[in-house]
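All heavy atoms count here, side chains included; hydrogens, waters and symmetry mates do not. Below, read A as the first sequence line, B as the second, and so on, with proteins coming before strands; counting in each chain starts at 1.
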Amino acid sequence: MKILINGNIKQFNGENMTISALVVTLNLVGKRLAIEKNGEIVPRNQFDAVLLSDGDKLEIVGAVGGG
Amino acid sequence: MAVVKSVEGNEENHMNDDLIIAGKAYQSRLLVGTGKYKDFTETRAAIDASGAQIVTVAIRRTNIGQTAGEPSLLEYLPPEEFTYLPNTAGCYSADDAVRTLRLARELLDGHKLVKLEVLGDPKTLFPNVIETIAAAKTLVKDGFDVMVYTSDDPIIAKQLEEIGCCAVMPLASLIGSGMGILNPWNLQIIIENAKIPVLVDAGIGSAADAAVAMELGCHGVLMNTAIAGARDPVMMAGAMKKAIEAGRESYLAGRMAKKLYSAAPSSPTTGMIS
């Protein structure tokens with residue numbers, strides 16, 4: 001399936017991937033981040049439950065230096 | 001520019017002169033940004049030297065890919081040690097600003113204190129006050145404690161207060177310009193009218209500017225480039241800390257009255273040798 005992550009299309013094998021599994025695949029385990037799926041925030045405690053499907057649009061953000 | 005206000009009958013208690021924002025007390029009246037530093041080590045050293053307890057951060061897309069071991073700002077500035085103030089820098093609409101801060105709240109475990117700024121023009125970074133007001137209304141309704149960056153218009157500042165913002169932050173001059181306080185008279189009106197803290201945000205260039213802001217009666221100052229853009233950011237951070245403290249004490253102490261001249265020298269006029 002194809003998922004748009006932070007503006008880039010990423011291809012993943014198989015179906016039924018949870019947000020938690022995606023976080024592992026992207027090497028983001030332990031990073032403080034927030035995720036929006038199709039315009040809706042996915043609370044961290046639902047990462048295990050929320051499944052991704054083909055065509056989903058994700059924004060994955062973190063805190064960076066800024067004024 | 002010698003713009004300093006004479007303060008009479010100041011009721012604020014010098015012994016416990018905390019800055020109260022959204023019910024929380026801070027001992028430092030200097031708030032600093034975390035952008036534009038050489039590296040995180042310099043960021044941390046400058047922030048330590050500034051004594052700041054509140055630090056702004058931006059919310060941006062996480063790098064996806066070869067960045068597994070990359071250090072993050074949060075490791076250098078643990079959220080347990082500092083009060084994070086996520087901002088909406090780079091947002092040009094109320095919707096984008098609200099969306100950004102909702103993500104920030106999720107990112108920072110329900111953290112409510114935020115800095116709202118909605119820009120109107122990428123060249124000057126002037127704020128768009130119409131979008132700012134719209135975003136402020138939504139965020140306040142949504143339970144955020146909103147510190148709001150705006151122009152130095154006293155009417156807008158008052159409206160933002162009435163909407164329920166917890167602090168109003170007029171610009172001294174444009175973001176990153178280092179031009180200092182261009183309209184101290186407007187700031188003075190904003191401060192006089194306000195029942196919430198007024199912090200100058202943007203435009204401070206030197207320690208002198210920061211001291212003038214505090215002498216005007218500002219409750220605090222937020223800056224980034226003035227420190228990060230100095231030749232020696234860590235030294236400048238220390239200078240800003242002292243300037244904020246000196247300006248605050250000067251305000252509380254109440255400056256002498258200004259006269260064009262005075263026939264009252266400081267040394268006795270009697271007992272002169274002849």
Contacting moiety of [X], where chain A heavy atoms sit under 4.5 Å:
X        : answer
B:Asp201 : neither
B:Glu117 : side chain
B:Leu108 : both

Using 4.0 Å as the upper bound for N to carboxylate O, is an ion pair formed by B:Arg102 and A:Glu36? no

Would you compute the distance between atom CD of A:Glu59 and atom OG1 of B:Thr100 and round it to the nearest 0.5 angstrom? 9.5 Å

Residue [X] excluded, over 12 heavy atoms near [atom1] under 6.0 Å:
X        : atom1 : value
A:Glu40  : CD    : no
B:Met179 : CE    : no
B:Lys112 : NZ    : no

Let's test your reading of the structure: which of B:Leu31, B:Asn224, B:Leu103 forms the most heavy-atom pairs below 4.5 Å with chain A? B:Leu103

Sub-4.5 Å heavy-atom contacts with chain B: which residues of residues 60-67 of chain A show up? A:Ile60, A:Val61, A:Gly62, A:Ala63, A:Val64, A:Gly65, A:Gly66, A:Gly67

Residue by residue, which of residues 42-52 of chain A have a heavy atom closer than 4.5 Å to a heavy atom belonging to chain B? A:Val42, A:Pro43, A:Arg44

In residues 232-242 of chain B, what donor-acceptor pairs under 3.5 Å come from side-chain atoms, sequence neighbours left out?
unit_1: B:Asp232; atom_1: OD1; unit_2: B:Val234; atom_2: N; d: 3.2
unit_1: B:Asp232; atom_1: OD1; unit_2: B:Met235; atom_2: N; d: 3.0
unit_1: B:Lys241; atom_1: NZ; unit_2: B:Glu245; atom_2: OE2; d: 3.3

Take B:Glu106 and A:Ile35 through the test side-chain contact (heavy atoms from CB on, under 4.5 Å) and record every step on the way to the result. CA-CA 8 Å; B:Glu106 173 62 23; A:Ile35 298 182; over 6 Å; no

What residues of residues 33-48 of chain B make heavy-atom contacts with chain A at a cutoff under 4.5 angstrom? B:Gly33, B:Thr34, B:Gly35

Applying side chain to side chain contact (heavy atoms under 4.5 Å, CB included) between A:Arg32 and each of B:Thr62, B:Leu73, B:Asp109, report the one that passes. B:Asp109

Of A:Asn6, A:Leu33, A:Ile41, the largest count of non-hydrogen pairs under 4.5 angstrom with chain B goes to A:Asn6

